[in-house]
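Reading through the structure tokens given below for one structure.
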2 protein chains.
Amino acid sequence: MITWQNIQTELLRRISERIWLPGELVPKEVELAAEFGCARATVNRAMREMANSGILSRKRKAGTRVAINPVRKATLDIPVIRLDIENRGASYRYLMLSREIIRPPPFIANRLTLGVDNELLHLRAVHFSDNQPFVYEERWVNPAAIPEILNADLSLESANEWLVHHALFTSGDISFSAHNATENEAEVFGIITGTALFVVERLTWLGTIPITSVCLSYAPGFKMHTDL
Amino acid sequence: MITWQNIQTELLRRISERIWLPGELVPKEVELAAEFGCARATVNRAMREMANSGILSRKRKAGTRVAINPVRKATLDIPVIRLDIENRGASYRYLMLSREIIRPPPFIANRLTLGVDNELLHLRAVHFSDNQPFVYEERWVNPAAIPEILNADLSLESANEWLVHHALFTSGDISFSAHNATENEAEVFGIITGTALFVVERLTWLGTIPITSVCLSYAPGFKMHTDL
DNA sequence: TAGTGGTCTAGACCACTAT
DNA sequence: TAGTGGTCTAGACCACTAA
């Protein structure tokens with residue numbers, strides 16, 4: 001029996017062996033289905049997934065082409081920090097540094113598309129891996145989106161985890177960058193000010209209501225890794 | 001007509017409104033198909049994609065559950081650098097700094113799983129965005145994988161682009177990190193040594209043959225961004 | 001061993017878009 | 001307007017795995 005994976009493998013072979021060149025039109029679904037002796041849906045599944053990974057480029061009526069500039073897609077897993085650490089075989093510990101309900105600075109209010117008058121929950125915490133500081137977290141939570149969090153004991157369960165369990169978001173964005181450690185971060189990590197840190201910023205929404213904005217600074221030397 | 005997107009939206013609603021709680025068993029495909037009055041394949045498509053994004057967790061015989069710790073998947077586009085720059089509305093310019101065929105240092109040979117005796121093509125280049133240095137590229141190419149590259153004029157077309165057009169890879173890995181600018185990088189970007197730079201390292205393979213290892217340092221302040 | 005998801009089929013209609 | 005991919009259906013068999 002021909003599976004869609006079989007077809008995908010064969011199509012990938014034809015592309016990587018340059019039997020089908022970048023930009024070239026490839027046979028249409030019906031033709032390939034005939035060639036492989038399978039249903040069109042099977043070919044469709046194979047090619048659709050290849051289009052999703054950026055290897056093929058498909059347009060109705062125009063047909064399917066080998067992508068000229070394959071925009072490869074790297075899929076990064078964004079797990080709960082505790083699991084990330086435990087999966088590396090290390091022990092996890094969490095420490096809340098501060099918790100306050102205050103009006104946010106303008107750039108945070110702006111990022112969350114809220115007025116500066118709305119009071120937000122502001123949290124600072126450290127996640128430890130084998131008792132070494134691994135991630136420094138600075139978070140702002142919109143209580144209007146999820147009032148229950150004001151009663152949660154976030155010194156035991158991290159806000160990261162609490163939110164995952166109590167407030168699934170519907171959309172969000174994430175960005176990765178580098179910055180020089182502030183004095184504050186240098187103290188947390190026991191490093192000198194200015195050391196390059198890998199930073200992840202995340203913003204999540206429930207429908208049109210902003211839930212949380214978080215900035216995670218990783219310990220020096222951290223690499224986020226994935227396969228292509 | 002019920003589409004798989006309709007179903008996905010409805011299932012997401014039930015999860016985000018906590019009608020279905022994390023860890024909870026959700027109705028099986030046949031039941032949902034009956035409820036929505038559609039074919040099982042349609043429900044399958046909706047749930048399969050949600051499982052791929054980490055929202056559901058599915059096991060044969062055990063059924064489908066709302067993921068307890070949703071490992072959200074962020075999909076990053078890895079385009080050719082020229083397109084990345086042009087898509088930001090900036091002009092692109094490329095400058096090859098050096099090209100030599102030498103034996104690699106041990107850590108590079110090791111990363112490519114090659115002996116230190118194999119001579120490799122070593123390239124250093126800068127990609128400019130609106131005439132500002134945007135990415136500094138340091139690359140090692142294995143000529144055994146793709147001998148034609150030795151004859152390519154890589155001062156005109158970047159190795160990045162040449163490889164995309166002439167050597168589709170079958171597998172690879174990528175990692176993101178931060179490091180303090182070396183003197184060399186500081187000079188390229190016109191910044192002070194030690195400035196935090198966002199770094200992407202990539203390694204690609206054609207079957208079992210290593211093709212290239214590249215290290216890209218982005219200009220200060222660069223953020224890699226995507227939606228969740 | 002039985003239940004659930006994974007996939008294939010053959011056919012159909014629809015949506016988009018190049019011409 | 002016609003051609004191509006996108007999706008749905010109803011039914012079938014299979015693969016994996018919990019019990």
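Keep in mind the model is a prediction, meaning the values are calculated, not measured. Proteins get letters first, then strands, A, B, ... in listed order; numbering begins at 1 in each.
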*asked:* Between B:Asp77 and B:Pro79 (side chain of the first, backbone of the second, donor and acceptor by atom type, cut-off under 3.5 Å), is there such a pair?
replied: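 No; judged by distance alone, with no hydrogens or angles, the pair does not exist.
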
*Quick one: does B:Thr212's side chain have a donor or acceptor within less than 3.5 Å of a partner on B:Trp140's backbone?*
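Pair found, side chain donor or acceptor close to backbone of B:Trp140.
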
Rounded to whole Å, please give me the gap between [atom1] in [X] and [atom2] in [N].
X	N	atom1	atom2	result
A:Arg58	D:dT4	CZ	P	12 Å
A:Glu29	C:dA12	CD	P	17 Å
B:Arg65	D:dA18	CZ	P	11 Å
B:Lys28	C:dG5	NZ	P	7 Å
A:Glu31	D:dG3	CD	P	13 Å
A:Ile2	C:dG6	CD1	P	21 Å
B:Gln8	D:dT7	CD	P	11 Å
A:Asn52	D:dT7	CG	P	10 Å

*Would you kindly compare B:Thr3 and A:Lys59 by the position of their nearest DNA chain D nucleotide and give the one closer to the 5′ end?*
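Closer to the 5' end of DNA chain D: A:Lys59.
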
I want to check one thing: is the phosphate of [N], taken as OP1 and OP2, less than 4.0 Å away from some side-chain N or O of [X]?
X	N	answer
A:Thr42	C:dT9	yes
B:Gln5	D:dT7	yes
A:Thr64	D:dG5	yes
B:Arg45	D:dC8	no
A:Asn44	D:dG6	yes

*Which of these nucleotides, C:dT7, C:dC8, D:dT7, is closest to any side-chain atom of A:Met1?*
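Looking only at side-chain atoms, A:Met1 lies closest to C:dC8.
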
_Any heavy-atom pair between the side chains of B:His166 and B:Ile149 that's under 4.5 Å?_
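In short, these two side chains do not touch, never coming nearer than 4.5 Å.
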
*Would you say A:Gln8 and A:Met50 make side-chain contact, with heavy atoms under 4.5 Å?*
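Heavy-atom side-chain distance check passes, below 4.5 Å.
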
*5' priority, DNA chain C, between B:Arg60 and A:Lys61 [closest heavy atom]*: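 Its nucleotide being nearer the 5' end, the pick is B:Arg60.
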
*Would you mind classifying the nucleic acid contact of B:Ala41 as base, sugar-phosphate or nothing, using non-hydrogen atoms under 4.0 angstrom?*
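Since a base atom lies under 4.0 Å of B:Ala41, the category is base.
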
*Under 4.0 angstrom, heavy atoms only, what part of the nucleic acid is B:Arg40 near: base, sugar-phosphate, or nothing?*
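Base, at least one base heavy atom under 4.0 Å.
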
*Measure centre to centre between the rings of B:Tyr218 and B:Phe134, then say whether the value is under 6.0 Å.*
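When the ring centroids of B:Tyr218 and B:Phe134 are compared, they turn out to be within the sub-6.0 Å range.
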
*B:Glu29: which of B:Arg40, B:Arg48, B:Arg45, B:Arg60 passes salt bridge (charged side-chain N to carboxylate O under 4.0 Å, His left out)*: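 It is B:Arg40; the other options fail the test.
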
_Donor-acceptor side-chain pairing of B:Thr3 and B:Asn6 below 3.5 angstrom_ =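 The criterion, which ignores hydrogens and geometry beyond distance, is satisfied for B:Asn6 and B:Thr3.
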
*Is DNA chain D part of any stem, that is, at least 3 consecutive Watson-Crick or G-U pairs with both distances under 3.5 Å, and where?*
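Stems (3+ consecutive pairs) listed as C:1-18 with D:1-18.
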
*Please, which pairs that meet ring-ring contact (aromatic ring centres under 6.0 Å, His included) have at least one residue in residues 2-55 of chain B, sequence neighbours excluded?*
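Listed once each, the pairs would be none.
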
